[in-house]
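Down below is the structure, laid out as structure tokens.
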2 protein chains.
Amino acid sequence: MYEELRLDNQLCFRLYTASRLITQAYTPILKQLNITYPQYLVLMVLWEQDGQPVNDIAHRLCLETNTVTPLLQRMEKLGIVVRKRSKVDKRQQIVSLTRKGKALEQQAFETIPAGMGEELKTCPLKQEDYAHLAEELDSIIETIKNR
Amino acid sequence: MYEELRLDNQLCFRLYTASRLITQAYTPILKQLNITYPQYLVLMVLWEQDGQPVNDIAHRLCLETNTVTPLLQRMEKLGIVVRKRSKVDKRQQIVSLTRKGKALEQQAFETIPAGMGEELKTCPLKQEDYAHLAEELDSIIETIKNR
DNA sequence: TAATTTTGTATCGTGAACGATATAAATATA
DNA sequence: TATATTTATATCGTTCACGATACAAAATTA
């Protein structure tokens, strides 16, 4: 029995579980907007800056285009984004929000922060703990990205 | 532009990204053992205690049986576990390690901790930071599990 | 400018996750 | 003990992730 191979000693398992469970907590809230969690991430990217090529969106989310392309195709079917070939560089697909996609921002603002606050209100972590957690996660993310 | 909807302010996005990137870092190492990351998690559960029903494995990993069942079926095809109906309760499938599955423990011990140490050696986090991070993640996990 | 390389996106196949549903076995209840 | 309920697992459909590959457009080089 190797200590290093104990599930309870794995940071990665905690990250994996925490990530899945938080995403699960988002799901019922996002369902009201008829979107999934990865689609919500794409929307946040576009709400910050509308009209971006697929590559920029993928890079911002640390995903590959072969993940993002079908995601965007589904979002286009839902009528929340449109994709148009760039005239400057015909290889690029420029992704833009539709009116419906833009309208979701207000709806998200009204439901998501409050809803997630409710989900996590019994969590003993304080404001500073969350800030600290964010810093540590950023360290790990940067380390692996630059490896 | 709502601060609450900025990608950079999302704890969840950090968890999601950190989890994916760490799993990616595991992948080349696990490939030497011809297993995936979720399969490695199942193996850790079985190395701790061989011969468990599907439910117990799923519960330990905070997964549903509809995720674990196909995972186990693939592992059975690979010849690292076997599933046998319990004679006490014929509904239960008891999952056990094969000789090959048991042998993987030694191989995992020899390659994974060293390999991951190498991957993360440039990470500025100290031993105590990792311990702290683990505690905070456990808080979040427990909060959501008990909601 | 012709040939080569790089870049941006898409397609394909596999393995998760997970909601919804199905089914048989075990347990509880009438 | 017959019926209803619960439990353990499996199946199905959809949506990610992601490695491998394909292909056209752009950039580079010969």
Side-chain angles (χ1 to χ4, degrees), chain A residues 12-13 15-28 30-31 34-42 52-78 80-81 83-95 144, chain B residues 12-13 15-28 30-31 34-42 52-78 80-81 83-95 144:
Chain A
C12 184
F13 175 57
L15 285 169
Y16 162 82
T17 302
S19 172
R20 282 197 308 106
L21 293 183
I22 288 214
T23 302
Q24 282 177 26
Y26 267 96
T27 300
L30 293 175
K31 203 167 185 178
N34 193 33
I35 55 175
T36 65
Y37 183 71
Q39 291 173 8
Y40 174 49
L41 295 181
V42 170
Q52 295 192 54
V54 176
N55 245 347
D56 291 11
I57 297 171
H59 189 255
R60 184 84 171 85
L61 298 177
C62 307
L63 289 167
E64 301 297 321
T65 61
N66 58 358
T67 298
V68 173
T69 293
L71 193 51
L72 291 171
Q73 289 170 340
R74 286 185 288 268
M75 292 174 79
E76 193 167 32
K77 254 191 201 163
L78 291 172
I80 54 188
V81 302
R83 298 180 307 153
K84 285 185 209 123
R85 285 272 159 208
S86 161
K87 282 178 185 162
V88 187
D89 183 338
K90 283 188 227 160
R91 292 170 304 181
Q92 289 188 333
Q93 287 271 31
I94 306 297
V95 183
I144 301 182
Chain B
C12 184
F13 175 57
L15 286 169
Y16 163 81
T17 303
S19 171
R20 282 196 310 105
L21 293 183
I22 289 216
T23 301
Q24 282 177 26
Y26 267 97
T27 300
L30 293 174
K31 204 168 184 179
N34 194 32
I35 55 174
T36 64
Y37 183 72
Q39 290 173 10
Y40 174 51
L41 295 180
V42 170
Q52 295 191 54
V54 176
N55 245 348
D56 291 11
I57 297 172
H59 189 256
R60 184 83 170 88
L61 298 176
C62 308
L63 289 167
E64 300 298 320
T65 62
N66 57 359
T67 297
V68 173
T69 292
L71 193 49
L72 292 170
Q73 288 170 340
R74 286 185 287 266
M75 292 174 78
E76 192 167 32
K77 255 190 201 163
L78 290 172
I80 53 188
V81 302
R83 298 180 307 151
K84 285 186 208 122
R85 286 273 158 208
S86 161
K87 283 177 184 163
V88 188
D89 183 337
K90 282 188 227 161
R91 294 169 303 179
Q92 289 188 334
Q93 288 272 30
I94 307 297
V95 183
I144 301 182

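Naming: A, B, ... by sequence-line order, numbering from 1 per chain. Just so we're clear, the structure is a prediction, and the values are computed from it rather than from any experiment.
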Parallel, tilted or perpendicular: rings of Tyr16(A) and Tyr37(B) (30°, 60°):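 If you compare the ring of Tyr37(B) with that of Tyr16(A), the planes turn out perpendicular.
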
Leu63(A) vs Pro70(B), nearer the 5' end of DNA chain D by closest nucleotide: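 Counting from the 5' end, the first nearest nucleotide belongs to Pro70(B).
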
Residue met sooner reading DNA chain D from 5', once Tyr37(A) and Val88(A) are mapped to nucleotides: Tyr37(A)

More than 12 heavy atoms of other groups within 6.0 Å of Gln73(B) CD: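 Above 12, so yes.
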
Val95(A) and Gln52(A), any side-chain heavy atoms less than 4.5 Å apart: no

Length of the [atom1]-[atom2] vector between [X] and [N], whole Å:
X: Leu78(A); N: dT15(D); atom1: CG; atom2: C1'; answer: 12 Å
X: Asn55(B); N: dA10(D); atom1: CG; atom2: P; answer: 10 Å
X: His59(B); N: dT9(D); atom1: NE2; atom2: P; answer: 13 Å
X: Gln73(B); N: dT14(C); atom1: CD; atom2: C1'; answer: 15 Å
X: Arg74(A); N: dT15(D); atom1: CZ; atom2: P; answer: 6 Å
X: Glu64(A); N: dG8(C); atom1: CD; atom2: C1'; answer: 12 Å
X: Tyr26(A); N: dT15(D); atom1: OH; atom2: C1'; answer: 19 Å
X: Leu72(B); N: dA8(D); atom1: CG; atom2: P; answer: 16 Å

Comparing Gln93(A) and Tyr16(A) on DNA chain C - which has the more 5′ nearest nucleotide: Gln93(A)

Contact nearer the 5' end of DNA chain C, comparing Met75(B) with Asn66(A):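 Closest to the 5' end, via its nearest nucleotide, is Asn66(A).
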
The single option from Arg85(B), Gln92(B), Arg91(B) passing side chain to side chain donor-acceptor pair (under 3.5 Å) against Asp89(B):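 Answer after filtering Arg85(B), Gln92(B), Arg91(B): Arg91(B).
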
Any idea which of [options] is nearest the [X] side chain?
X: Pro38(B); options: dA10(C), dA17(D), dA16(C); result: dA16(C)
X: Pro53(A); options: dT9(C), dA26(C), dA17(C); result: dT9(C)
X: Asp89(B); options: dA16(C), dA26(C), dA24(D); result: dA26(C)
X: Gln24(A); options: dC16(D), dG8(C), dC18(C); result: dC18(C)
X: Lys90(A); options: dA25(D), dA10(C), dA20(D); result: dA25(D)

Nearest-0.5 Å distance that lies between atom OG1 in Thr36(B) and atom CZ in Arg74(B):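 Going from the OG1 atom of Thr36(B) to the CZ atom of Arg74(B) covers 7.5 Å.
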
From Leu41(A) atom CG to Cys62(A) atom SG, the distance as rounded to the nearest 0.5 Å: 10.5 Å

Can you tell me if the side-chain N/O atoms of [X] get under 4.0 Å from OP1 or OP2 in [N]?
X: Arg20(A); N: dC18(C); value: yes
X: Gln39(A); N: dC16(D); value: yes
X: Thr36(A); N: dC16(D); value: yes
X: Arg83(B); N: dT9(D); value: no

Sugar-phosphate, base or nothing in reach of Thr65(A), heavy atoms under 4.0 Å: base

Under 3.5 Å donor-acceptor pair, Arg91(A) side-chain atoms to dT9(C) base atoms: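 Flag unset: no donor-acceptor pair detected.
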
